[in-house]
Amino acid sequence: MRSTTLFKPVLAAALGCLVLSGCGAQHDTSERASAGSTVGEKPQDPASPGGDQEVRFLALMTRTAQGCTPDAPNGTGGGGVPKPEDLPGAEAVPTPRYGPGRTPPGVPNADGDIPVPLDDAAPPSKPATGSAPPATAPEVPLAGTEQCVGSEHAKRVGEAFKGTKPAGYEAMRKQLTELDYPASRIHRMPDRAGAPRVRIDLRVMGGHVALEVTADGGGVVAEAFGAPETEDVKVTDVTRGTGRDAPAS
């Protein structure tokens with residue numbers, strides 16, 4: 001199972017990369033505008049494809065992960081990069097390459113011979129089947145930090161919609177983008193009993209967190225669930241129950 005100890009530092013690193021890229025692009029654009037144009041450009045709409053929605057989203061994910069891992073590196077409970085011996089699984093003694101019970105390379109065995117290490121054989125290649133990936137994928141469990149992150153986002157969205165039931169998909173999508181969830185990560189699902197429903201892809205750098213939001217009488221019902229980390233599986237493809245998970249056409 002993938003360790004969640006470095007979940008928050010990885011998000012912070014991704015956020016830093018995006019911020020640096022954005023700053024560079026903004027500086028370059030300003031120089032071109034001042035050199036070749038006297039008409040000031042309007043501020044870019046954050047909802048546009050080139051806006052900073054993803055930067056704000058990664059900042060939100062970082063803050064949420066920090067709240068779920070206060071003792072993680074660079075969190076409120078500690079600082080710095082973790083030492084190798086402090087990482088999960090470091091207490092386990094690694095198996096030597098020459099195998100347990102065998103003589104290390106360069107050391108004579110009981111017969112006085114010095115064994116020569118051989119390179120590991122390459123794993124057999126899998127035959128190309130040519131079959132398409134499955135249309136659906138099962139839900140994966142969330143644990144540790146990811147479980148906490150999913151719960152916090154579900155609570156955050158539920159409170160934001162409290163007392164305000166969205167009239168339709170567009171209204172729900174608009175309010176979710178105002179909560180710093182990028183439009184590209186919001187995916188429409190079939191209505192449930194006439195109520196609009198969406199899924200939000202919260203997966204970042206190998207994560208599994210996703211959110212399902214359904215309009216309800218007093219606002220919305222937000223539920224966190226786990227999606228496979230592979231990019232070819234969309235959150236709309238994840239099966240959470242019979243007959244309710246097909247994406248909208």
Side-chain angles (χ1 to χ4, degrees), residues 1-15 17-18 49 53-69 72 88 131-158 160-161 166 169 172-173 175-177 179-192 195-216 220-249:
M1 179 180 296
R2 183 184 300 272
S3 171
T4 57
T5 304
L6 299 181
F7 185 70
K8 195 263 300 179
V10 168
L11 283 176
L15 173 61
C17 291
L18 274 178
Q53 276 193 327
E54 194 70 16
V55 174
R56 297 199 306 273
F57 167 72
L58 285 176
L60 169 63
M61 293 294 291
T62 301
R63 292 194 304 270
T64 307
Q66 180 176 342
C68 288
T69 54
S131 59
T136 60
E139 178 179 358
V140 300
L142 297 176
T145 301
E146 287 195 317
Q147 185 178 35
C148 174
V149 168
S151 298
E152 288 299 315
H153 281 282
K155 179 181 177 181
R156 179 175 185 265
V157 170
F161 280 87
Y169 165 72
M172 177 184 287
R173 181 174 177 269
Q175 189 161 348
L176 288 172
T177 56
L179 293 173
D180 290 338
Y181 297 107
S184 61
R185 289 179 173 269
I186 303 172
H187 305 274
R188 187 174 187 175
M189 298 291 290
D191 292 354
R192 180 177 294 168
R197 180 168 61 117
V198 302
R199 285 184 179 178
I200 309 174
D201 191 345
L202 304 180
R203 295 176 296 179
V204 177
M205 301 184 72
H208 305 86
V209 186
L211 208 63
E212 181 168 300
V213 184
T214 308
D216 193 25
V220 299
V221 174
E223 302 172 298
F225 67 95
E229 65 181 75
T230 53
E231 296 181 355
D232 58 336
V233 177
K234 300 178 181 179
V235 294
T236 54
D237 296 333
V238 177
T239 303
R240 303 192 60 216
T242 305
R244 68 170 186 165
D245 294 320
S249 57

Any side-chain heavy-atom pair of [X] and [Y] under 4.5 Å:
X: Val198; Y: Glu212; value: no
X: Met172; Y: Val220; value: yes
X: Pro228; Y: Val233; value: yes
X: Val209; Y: Phe225; value: no

Between [atom1] on residue [X] and [atom2] on residue [Y], distance to nearest 0.5 Å:
X: Leu58; Y: Arg63; atom1: CG; atom2: CZ; result: 11.0 Å
X: Arg185; Y: Leu211; atom1: CZ; atom2: CG; result: 12.5 Å
X: Leu60; Y: Glu152; atom1: CG; atom2: CD; result: 10.5 Å
X: Arg56; Y: Thr177; atom1: CZ; atom2: OG1; result: 8.5 Å
X: Ser151; Y: Leu142; atom1: OG; atom2: CG; result: 8.0 Å
X: Lys234; Y: Thr136; atom1: NZ; atom2: OG1; result: 14.0 Å

Reference residue His208; test side-chain contact (heavy atoms from CB on, under 4.5 Å); the match among Val140, Leu202, Val149, Val238:
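Between His208 and the candidates, side-chain contact (heavy atoms from CB on, under 4.5 Å) is satisfied uniquely by Val140.
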Here's a test for you: under side-chain contact (heavy atoms from CB on, under 4.5 Å), which of Val213, Asp216, Val157 qualifies with Val221?
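Only one of Val213, Asp216, Val157 forms a side-chain contact (heavy atoms from CB on, under 4.5 Å) with Val221, namely Asp216.
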Consider side chain to side chain donor-acceptor pair (under 3.5 Å). Of Arg173, His153, Gln175, Gln53, which one does Tyr181 pass it with?
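Result: among Arg173, His153, Gln175, Gln53, His153 is the only option passing the side chain to side chain donor-acceptor pair (under 3.5 Å) with Tyr181.
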Side-chain donor/acceptor of Arg197 to backbone N/O of Pro190, under 3.5 Å:
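Pair found, side chain donor or acceptor close to backbone of Pro190.
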May I ask you to decide if Val235's main-chain N or O and Arg199's side chain share a donor-acceptor pair within less than 3.5 Å?
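Indeed, once roles are kept as given, a pair shorter than 3.5 Å links the two residues.
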Looking at [X] and [Y], what are the two nearest heavy atoms and their distance?
X: Pro196; Y: Asp191; answer: CA-OD1, 3.4 Å
X: Ala195; Y: Ala215; answer: CB-O, 3.4 Å
X: Ala222; Y: Gly158; answer: CB-N, 4.5 Å

List the residues meeting side-chain hydrogen bond (donor to acceptor under 3.5 Å, both in side chains) with Arg203, not counting sequence neighbours, and say none if there are none.
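For Arg203 the side-chain hydrogen bond (donor to acceptor under 3.5 Å, both in side chains) partners, ignoring immediate neighbours, are Asp201.
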